[in-house]
Amino acid sequence: MAKVRLDVLIGGFADEASLKQHGTARYRPNIVLIRTDDLVIIVDPGTVEKQSDIVDALKVRGVNVSDITHVIHTHHHLDHNRNSGMFADVPVVDAWAMWNGVDYDTNPKSLHELIRIQPTPGHTYDSLTIFVTTEEGGVAICGDVFWWKGDTQSDVYATDVDELVKSRALVLAQSDFVIPGHGPKFKTK
Ligand SMILES: [Zn+2]
């Protein structure tokens with residue numbers, strides 16, 4: 001039986017209170033590592049204090065930068081994709097396609113039987129969610145469809161609030177746990 005191992009490599013936060021105090025808000029996304037027998041996928045290698053934090057977090061889990069086989073972007077906001085270039089020559093997946101070098105495959109085959117990628121627009125028009133079947137249940141890595149647990153407010157960055165409401169319902173219905181864009185993993189059921 002195939003198995004998937006899922007780790008939040010670096011935990012996310014969104015510190016907008018800092019805007020008042022220091023003049024700048026601070027954002028870091030959940031950066032997630034998905035491992036199968038033959039895939040090592042990094043999701044949202046975005047903003048960190050320094051790039052070596054990602055290298056170090058991988059090392060702690062016995063993974064080198066060169067071991068990464070795919071990068072997936074939940075959406076195109078810079079705080080989620082700032083460090084994609086660290087993983088130079090591997091295929092990169094977004095809501096549009098899989099890029100492999102200059103090849104742009106709009107109909108990529110599924111990466112793995114236990115990893116499903118589905119468009120969940122609303123926060124941005126190109127948002128996607130990665131549904132991963134793990135031993136503890138279904139986990140949805142949804143980017144900023146939910147910023148954190150209890151994120152049911154209207155999202156000021158949303159490109160389409162109606163779509164966002166639909167996407168949030170879909171993510172909750174199809175998962176046991178959610179890894180949101182910027183807060184700790186939470187249980188849905
Ligand atoms: Zn975002």
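Model, not experiment: these values are computed from the prediction. Side chains are part of it too, since the values below use all heavy atoms of this structure and drop only hydrogens, waters and symmetry mates. Order of listing sets the numbers, starting from 1, for every ligand and every atom in it.
- Closest approach between the Zn ion (ligand 1) and any N/O/S atom of His75 involves NE2.
- The N, O or S atom of Asp144 with the smallest distance to the Zn ion (ligand 1) is OD2.
- Taking the charged nitrogens against the carboxylate oxygens, Glu135 and Arg5 have no contact shorter than 4.0 Å, which rules out a salt bridge.
- Using bins of under 30°, 30° to 60° and over 60° for the plane-to-plane angle, the ring pair Trp99/Tyr104 lands in the tilted bin.
- Between the Zn ion (ligand 1) and the N, O or S atoms of His123, the shortest distance is to NE2.
- Centroid-to-centroid, the aromatic rings of His70 and His112 stay 6.0 Å apart or farther.
- A salt bridge is defined here as a Lys NZ or Arg NE, NH1 or NH2 lying under 4.0 Å from an Asp or Glu carboxylate O, and Arg168 with Asp151 meets this definition.
- The Zn ion (ligand 1) lies closest to atom ND1 when only the N/O/S atoms of His77 are considered.
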